[in-house]
Number of protein chains: 2
Amino acid sequence: MSTIEEVAKEAGVSVATVSRVLNKSNKVTLKTKIKVEETIKRLKYEPNMLGRNLRRSESRMILALLPSISNPFYTMIIKGIEDIARDNGYNVLLCQTDSEPERELVYINLLKQRLADGLISLDPKIDINVLKGISQDYPIVQSCEYSEELNLPYVTIDNFQAGYQAVKHLISIGKKKIAFINSDNKFIYARLREKGYIKALEEAGLEINKDYIINGENDFESGQKNMQQLLALKNRPDAVFLVSDVLAIGALKAIRDMSLSVPEDIAVVGFDNIDFSTMMNPALTTIAQPMYEIGCESCRLLLNRIHHRNADIEKIIMDFELIIRESTIK
Amino acid sequence: MSTIEEVAKEAGVSVATVSRVLNKSNKVTLKTKIKVEETIKRLKYEPNMLGRNLRRSESRMILALLPSISNPFYTMIIKGIEDIARDNGYNVLLCQTDSEPERELVYINLLKQRLADGLISLDPKIDINVLKGISQDYPIVQSCEYSEELNLPYVTIDNFQAGYQAVKHLISIGKKKIAFINSDNKFIYARLREKGYIKALEEAGLEINKDYIINGENDFESGQKNMQQLLALKNRPDAVFLVSDVLAIGALKAIRDMSLSVPEDIAVVGFDNIDFSTMMNPALTTIAQPMYEIGCESCRLLLNRIHHRNADIEKIIMDFELIIRESTIK
DNA sequence: TTGTAGGCGTTATCAC
DNA sequence: GTGATAACGCCTACAA
């Protein structure tokens, strides 16, 4: 509970000197330094960051906007962000927006109130206009989902290639009637993965069947429902690529409910490689994004912008990996 | 970017008056109030919270210490904490400790540095001595797991009764050889649930079989492994109560791998009612804790302590509920 | 009702 | 190398 002033008095020096010791300035005699450090320890002094932050006019806090922390998709990204942040003396405030605009605003206000130094947006549903409104004044980075129109830094993977590789894999194991359960095409990742899906089919000379492409929500129930819809088709598909593992887990349930077998009757490829994807029965073939690294890079980009407000806008494309498991290979 | 001083000058009043308007003091004429508010809007003024926080010597930030946000167990608790916090003008910093003591310390230092006003501990593995060391100086609440020895406020359910009810349910459907897969008995919830398990068996005149009680880690792999161990017994159990749904999901996999059926061969009861428990096949019978409310109450208790530093220590016991699904009833 | 001024705890700019 | 001192932006006695 003691202040820098008490330490100064107790050590017989000025507050300036204590501050210099605190901030590892080298313009301090070893002798005084030791004396001050001893006093700090004795008084159990801890610098009051409220004072420091006001003086430096920074909060050393960064915001990570995401729909919900319960989505396992974000787990490792968050870890990456937090690790890099902590290494640089920053803390991360996770903002669950539930994709509700009012919630978003609450957190964005933290930037205006100087309670946060920058923001990483992981929420695909974020209101672009809101971001546009503040992107001039505050450091912002987009992670995974992004909008080119904003001209902000972002980190992502090549979603077109990812969709393409996933479907090529299904073709390579002999599947010919490949369906695609997507989320909403308003998302750029959804559009790109769909393009990859179509390119792979075309390249293999396979027909594009409109009934095989379903857009919907990105959750367990949708996966189940949309898979049921596919299974009800007269010309049932023999494989399905889903734009997330959560969707795929729903689909697996629908397939099992029909007593069909995976991968023989229907092969399944998901996306994201969440923890639960290995716990499924069968384990899920999926596309793994380098989640942790995406988080790290996003945070690095943000810190860069915080410290160099008018550096070039960086855009980073990370590698992905197809992970083959039981849902496509016996 | 403007300051209170600029607003004052522009509105032709003193900073004190602007401050009064900002803080809804009623000692301001409606006329000046309107004038000031107009100016605030025109200048797009936002109060700088760094200044306010220093002055008020509060951070309006609370800490929630938990092992990992990826554990679905914490999802709704966190939501409860955040909702109450936000309603009261506080933000929540989620601290993933990974149960690493160094991480804990980083966050606990935020208290000492005045960057947080209080702490809710959700981490069963937290070092009791560390908590003890700071519990005199800072507002702390324990949530779910707790230590009586600390004499701190806590929120929990009656874990003894919960274990008792779970096992009584298994007995009621005719099971006689009921196993118990627990986590580590160093946790109070683990000890209490075990007591409930034993009480239910004794009451029904069933034998306590040492081989049927397994202590271990609380994760998917342990559930799988420990279930395999039970299934390898000569005298195989016909039911199992597990101390978490994550364990139960692991157990389901082990049971399926042996081509046994649930609930006919083995009935399964989990704990926590996580989202995935309904997605399983069969859906999981489980004990639901009022997670959201636990979060809310924990936060309320903490805010109480922040505002009344020497009020009585409150201890809150919440209700739980047995949710019967396919893993025990066909 | 409104204004003046001191202070929250720190850092940084000057002198010395 | 060290010390005084003026900020940082805000709130709140106290005076008027």
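Below, chain A is the first sequence line, B the second, and so on; all start at residue 1. Because the structure is a prediction, the values reported are computed rather than measured.
Taking only side-chain nitrogens and oxygens, Thr32(B) never comes nearer than 4.0 Å to OP1 or OP2 of dT1(C). Contact annotation: Asn23(A) side-chain N/O to dT11(C) OP1/OP2 distance is under 4.0 Å. Phosphate proximity of dT2(C) to Ser14(B): absent, as no side-chain N or O sits under 4.0 Å from OP1 or OP2. When the side-chain nitrogen and oxygen atoms of Arg52(A) are compared with OP1 and OP2 of dG9(C), none of them lie within a distance under 4.0 Å. Listed pair Thr29(B) / dT1(C) fails the phosphate criterion, with no side-chain N or O lying under 4.0 Å from OP1 or OP2.
Taking the six-membered ring where the residue is Trp, His307(B) and Tyr90(B) present perpendicular rings, their angle passing 60° and hence far from 30°.
Distance OH (Tyr45(B)) to C1' (dC10(D)): 7 Å, rounded to an integer number of Å. Atom C1' of nucleotide dT4(C) and atom CD of Glu5(B) are separated by 12 Å, given to the nearest angstrom. Computed from coordinates, the Asn53(B) CG to dC10(D) P distance equals 11 Å when rounded to whole Å. To the nearest angstrom, C1' of dT1(C) lies 15 Å from CD1 of Ile34(B). In this structure, the CD1 atom of Ile40(B) is 10 Å from the P atom of dC10(D), given to the nearest Å. As rounded to whole Å, 13 Å separates atom P of dG9(D) from atom NZ of Lys9(B). Taking atom CZ of residue Arg56(A) and atom P of nucleotide dA6(D), one finds them 22 Å apart after rounding to whole Å. Summarising the geometry, the separation between CE on Met49(A) and P on dG9(D) is reported as 20 Å, rounded to the nearest angstrom.
Relative to the side chain of Thr3(B), the nucleotides dT12(D), dG9(D), dT13(C) differ in distance, and dG9(D) lies closest. Set against dC11(D), dG1(D), dG3(D), the side chain of Lys27(A) has dG1(D) as its closest nucleotide. Considering only the side chain of Arg20(A), dG3(D) comes nearest among dC8(D), dC10(D), dG3(D). Side chain of Ile4(B), nearest nucleotide from dC10(D), dT12(D), dT10(C): dC10(D). Closest contact between the side chain of Asn48(A) and the listed nucleotides dG9(D), dG3(C), dT10(C) involves dT10(C).
When Glu314(A), Glu145(A), Gln142(A), Glu148(A) are each tested for a side chain to side chain donor-acceptor pair (under 3.5 Å) with Tyr154(A), only one passes: Glu148(A).
For CG of Asp275(B), the number of neighbouring non-hydrogen atoms (other residues, nucleotides, ligands) closer than 6.0 Å is 12 at most. Around the NZ atom of Lys33(B), the shell of radius 6.0 Å holds no more than 12 heavy atoms that belong to other residues, nucleotides or ligands. Taking a 6.0 Å sphere around CG of Asp312(B), one finds it holds 12 or fewer heavy atoms contributed by other residues, nucleotides or ligands.
For Arg55(A) and dA12(C), a side-chain-to-base donor-acceptor distance below 3.5 Å is absent, hydrogens and geometry of angles not being considered.
Leu50(B) comes within 4.0 angstrom of nothing in the nucleic acid, heavy atoms only.
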